[in-house]
S.K.: 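One structure is given below, represented as structure tokens, and several questions about it will come after.
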Amino acid sequence: MTAVDTLIEHAMVVTMNGAREVITDGAVAIRGSEIVGVGKTDELAVDATEVIDGRRFVVTPGMVNTHIHITGEPLTRGYVPDDTPFEENVFVWLCPLYSAYTEDEERLSAQLAAAEMLRSGTTAFLEAGTVRFVDAVVDGLVEIGIRGRIGKWVWDLPPEPAVYRQSTDEAIANLDKTLATHRRVADGRIQAWSMIVGHTTCTDELWRAAAALAGQYKTGLNFHMSPAAMDPEGFLAQFGERPIVHLASLGVLGPNCVLVHCVHVDDAEIALLARHGCSVAHCPTTALKVAYGVTQIGKMPEMVRAGVNVTIGTDGNNASNYSDMMRATYLVAGLFKDARRDPGMFPAEQAYEMATLGGARALLAADEIGSLEVGKKADIVLHDRDRPEWTPLLNVANQLVWSADGRGVHTVFVDGRKVVDDYHLTTLDEHDLYRRAQAAGEAIVARSGLPDRAKWPRR
Ligand SMILES: [Zn+2]
């Protein structure tokens, strides 16, 4: 018998393999960081150090969140009033809050974000760019044990805020340094990407340099584009062409690109995204809360039809106050059904593929994560069936997308290591984390000088 570290047996295993097999009375075997067996329990002859009785569990691959702000937002979650217009949201509220985080607070913020992701079944993420203190953030992420792609908040046009203003040369140096320092950390669980803020915040020189560095370091390129009309209007005014047309002409687009939002895009831009093999991070909760108009003018169904890899992100905690990918996946399945009055839009199975396999491809890790198959990394989630929303279990895809959410996540493995056990992190003291996060949040808003705009009187 083959010796393995962990065997999960007698479970319902949602493999997300090529045939999308669901194995009843299934088993998954883990050795080191890898999956070494997937099949019927009685067919897997292994000798395991730890055996988990899976009768209570639905076993799935970990989800992949392709857009989340792990700094600047988690510790000030929900402080910005939800009736704030987009531009005021960014410039009046978010920039001052981002500026007020200290190094320790950015590390804590990243850990809080990672804790929320892990606890709700997300094992890998692509962040939006750490605002200032990448080294501390990487250290915090390694401690908590999540898988992620990180970078620095890089732009060269905005004159404010002063604490992270950058000239073009400084911006390029920031990219290079982050890539050189953190290209592969902790057995590759944490990897630096070429990340720029995008929108209308970057010169053509910076766009070209960011793409060149992504090529040089053989990694991905990530940026925001066209959540609202402001980006296409800005590019049209300056260059006489829409953003994605302009980026294609600069030679920036490729299969290593993840563009965030892409709500205000036209058909020619969609064709370019498809031709260059790009991925898009669709952030449904942000669209809803910040009123981007995704259900009215969003073209996610057309992108998918054209062959664009549309994936799912949860964005920042003042634009989308939670980081539970299961709740975001539910919205992805539902929004366009209603908008187009067509129940054929984004079936549960497709939405779940976007949250797993699609995210893995976007992270340039399709051969490592996104499904439960032999040879892939053991990034595994055990959903607890012993709960009302999981009962009865008759159609597991519908249950995962339409009934359950991250609160039913019982156990999580990343890279073969059990990082959530019986609803709690194994890698750090959660109660201490939440206590410190509350204190830090209060300190940051006090330091920011922003008003308290909560509408209910406090006494
Ligand atoms: Zn974002």
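We count ligands from 1, going down the list as the structure has it; atoms in each ligand are counted the same way.
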S.K.: If the cut-off is 2.8 Å, does any N/O/S atom of Cys283 fall short of it from the Zn ion (ligand 1)?
M.R.: no
S.K.: Provide the atom name of the closest N, O or S atom of Asp315 relative to the Zn ion (ligand 1).
M.R.: OD1
S.K.: Would you say Tyr434 and Gln438 are linked by a side-chain donor-acceptor pair, where the criterion is simply a distance under 3.5 Å?
M.R.: no
S.K.: When you look at His67 and His282, which way does the ring-ring contact (aromatic ring centres under 6.0 Å, His included) test go after all the steps?
M.R.: CA-CA 8 Å; His67 188 63; His282 171 24; over 10 Å; no
S.K.: State, without any angle test, whether Asp204 and His246 hold a side-chain donor-acceptor pair at a distance under 3.5 Å.
M.R.: yes
S.K.: Please state whether the rings of Phe223 and Trp207 are parallel, tilted or perpendicular, taking 30° and 60° as the class boundaries.
M.R.: perpendicular
S.K.: At the Zn ion (ligand 1), what's the angle from His224 NE2 to His67 NE2, rounded to 10 degrees?
M.R.: 100°
